[in-house]
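As structure tokens, the structure follows; a few thoughts come after it.
Keep in mind that this is a model prediction, so the values were computed, not measured. We name chains A, B, ... by the order of the sequence lines, and we start the count at 1 in each one.
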There are 2 protein chains.
Amino acid sequence: MDELDRRILDILRRDARTPNTEIAAEVGTSEGTVRNRVERLVDEGVIERFTIATRTGNLKAMVEVTVAVDVDTNDVSELMAEWKDVDFVWQVSGEEDIVLVVDAADTRAVNDLITRAREHDDVKSTKTRLILDERIS
Amino acid sequence: MDELDRRILDILRRDARTPNTEIAAEVGTSEGTVRNRVERLVDEGVIERFTIATRTGNLKAMVEVTVAVDVDTNDVSELMAEWKDVDFVWQVSGEEDIVLVVDAADTRAVNDLITRAREHDDVKSTKTRLILDERIS
DNA sequence: AGCCGAGTTACGAAATTCGTAATCGGTAAG
DNA sequence: CTTACCGATTACGAATTTCGTAACTCGGCT
């Protein structure tokens, strides 16, 4: 993981469809080197996967979840990651334990999700923030 | 946004490098149709961008920022989106106003960022959560 | 029936990716 | 100092994919 790797990653984060040839030109090396390095980064797990960021609905939200003290947050996270409309599940430090990043069709879908969370036995409380605006660097 | 679109999105979410030809074969249509639809989905903003999910070994964090009441949060967001290590800037509802999603090399880099935020005149307070674990759906 | 328009298909050209062999640069051993 | 070696890089032709564009299909509408 040297400077060249980081520059390649930055470009791919911005647009994962950038051709190797174009990346190579930008960072000043050859297509083959970019190809080798990207392949290595995938093998090493630095690049977990190539994916798309979607906004299928109109509403994004963060749902901050507090679970009971005797609960394994890993298990709860794993479960919630499978839920519909959930993009990310973060285990976080601080007052709450888990943050869900949600992309839903409407407020009802968000509400369904919160309801589902609150109905879970291990969940003590939830706090929801609507994401009113998003900027990507 | 019909069933075909959704199937294409599912495939791209799993692997955004899947060739259109392969997607076409999988969903039972032609390369051109997949190409047209992906292009439309990008235009409509359903696909926000093609990107990579990385596990750099870096430190991820959420920095929740409260700004003064008489401040335009749009301006502050725009500014912070340019800061190094900041992946997302969200304007959110709730107690705090802005949430920064940060991916930094180490705790010092995160601390620098928090310091920079706190030194900003319009920022009243910050609250930081480390992201200890991330799951992607 | 005839027409229109959005979506789909077809196909040759351009660009990209891929496989592989040659080359380079650094380093440890003789 | 030379040689051998190894991983990384480069070079290049072949295979594959993407791209531009024109033809086609199939509803709905008059």
Side-chain angles (χ1 to χ4, degrees), chain A residues 1-60 84-85 87 103-106 109 134 136-137, chain B residues 1-59 84-85 87 103-106 109 136-137:
Chain A
M1 265 291 278
D2 57 7
E3 184 56 27
L4 185 53
D5 283 344
R6 266 186 288 274
R7 289 181 65 191
I8 293 171
L9 288 175
D10 280 344
I11 293 168
L12 289 177
R13 255 192 286 268
R14 212 175 318 124
D15 180 5
R17 286 191 301 184
T18 313
N20 291 337
T21 48
E22 197 176 318
I23 298 173
E26 197 160 332
V27 303
T29 183
S30 68
E31 180 270 333
T33 296
V34 173
R35 176 152 42 107
N36 288 338
R37 284 179 173 245
V38 170
E39 190 183 342
R40 179 172 51 72
L41 289 168
V42 170
D43 286 344
E44 290 174 356
V46 175
I47 297 176
E48 286 179 318
R49 57 174 177 170
F50 288 74
T51 187
I52 51 175
T54 56
R55 176 184 284 262
T56 52
N58 291 325
L59 197 59
K60 285 202 177 190
K84 189 173 173 321
D85 298 337
D87 280 359
D103 178 8
D106 46 41
E134 178 178 70
I136 304 171
S137 353
Chain B
M1 265 289 279
D2 57 8
E3 184 56 28
L4 185 53
D5 282 345
R6 267 185 288 274
R7 290 181 64 192
I8 292 172
L9 288 175
D10 279 345
I11 292 169
L12 288 176
R13 254 191 286 268
R14 209 173 327 120
D15 180 7
R17 286 190 302 183
T18 312
N20 292 337
T21 47
E22 197 176 318
I23 298 173
E26 197 160 332
V27 303
T29 183
S30 68
E31 180 271 333
T33 296
V34 173
R35 175 151 45 106
N36 288 339
R37 284 180 173 244
V38 170
E39 189 181 343
R40 180 174 49 73
L41 289 168
V42 170
D43 286 344
E44 290 174 356
V46 175
I47 296 176
E48 287 179 325
R49 57 173 179 166
F50 288 73
T51 186
I52 51 174
T54 54
R55 183 181 296 175
T56 52
N58 283 359
L59 195 59
K84 188 172 174 319
D85 298 336
D87 281 359
D103 180 6
D106 47 41
I136 307 171
S137 350

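Between D:dA11 and A:Ser30, no contact under 4.0 Å exists linking OP1 or OP2 to a side-chain N or O. Phosphate proximity of C:dT16 to A:Thr21: present, with a side-chain N or O under 4.0 Å from OP1 or OP2.
Rounding to whole angstrom units, CZ of residue B:Arg35 and P of D:dG20 are separated by 7 Å. Residue A:Leu4 contributes atom CG, which lies 19 Å from atom P of D:dG7 at whole-angstrom precision. A:Asn20 has its CG atom 13 Å from the P atom of C:dG19, to the nearest Å. Summarising the geometry, the separation between CG on A:Leu12 and P on C:dT17 is reported as 11 Å, rounded to the nearest angstrom. Atom CG in A:Asp15 sits about 14 Å away from atom C1' in C:dT16, given to the nearest Å. Atom C1' of nucleotide D:dT17 and atom CZ of B:Phe50 are separated by 14 Å, given to the nearest angstrom. Distance CG (A:Asp43) to P (D:dA8): 12 Å, rounded to an integer number of Å. Protein atom CG of A:Asp2 is 16 Å distant from nucleotide atom C1' of C:dG26, rounded to whole Å.
A:Arg37 comes within contact range of the sugar-phosphate backbone alone, with a heavy-atom separation under 4.0 Å but no base atom that close. Among the atoms of the strands shown, base atoms are found under 4.0 Å from some heavy atom of A:Asn36.
You won't find any donor-acceptor pair under 3.5 Å spanning the side chain of A:Arg40 and the base of D:dG7, going by distance alone.
Between B:Asp43 and B:Arg40, none of the side-chain N atoms (NZ, or NE/NH1/NH2) sits under 4.0 Å from a carboxylate O, so this pair counts as no salt bridge. Looking at A:Asp103 and A:Arg55, no side-chain N of the basic residue comes within less than 4.0 Å of a carboxylate O on the acidic one, giving no salt bridge.
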- Applying salt bridge (charged side-chain N to carboxylate O under 4.0 Å, His left out), run through B:Asp10 and B:Arg7 and close with a yes or a no. CA-CA 5 Å; B:Asp10 279 345; B:Arg7 290 181 64 192; over 6 Å; no
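Two residues are said to be in side-chain contact when any heavy atoms from C-beta on lie closer than 4.5 Å; A:Val34 and A:Glu26 fail this criterion.
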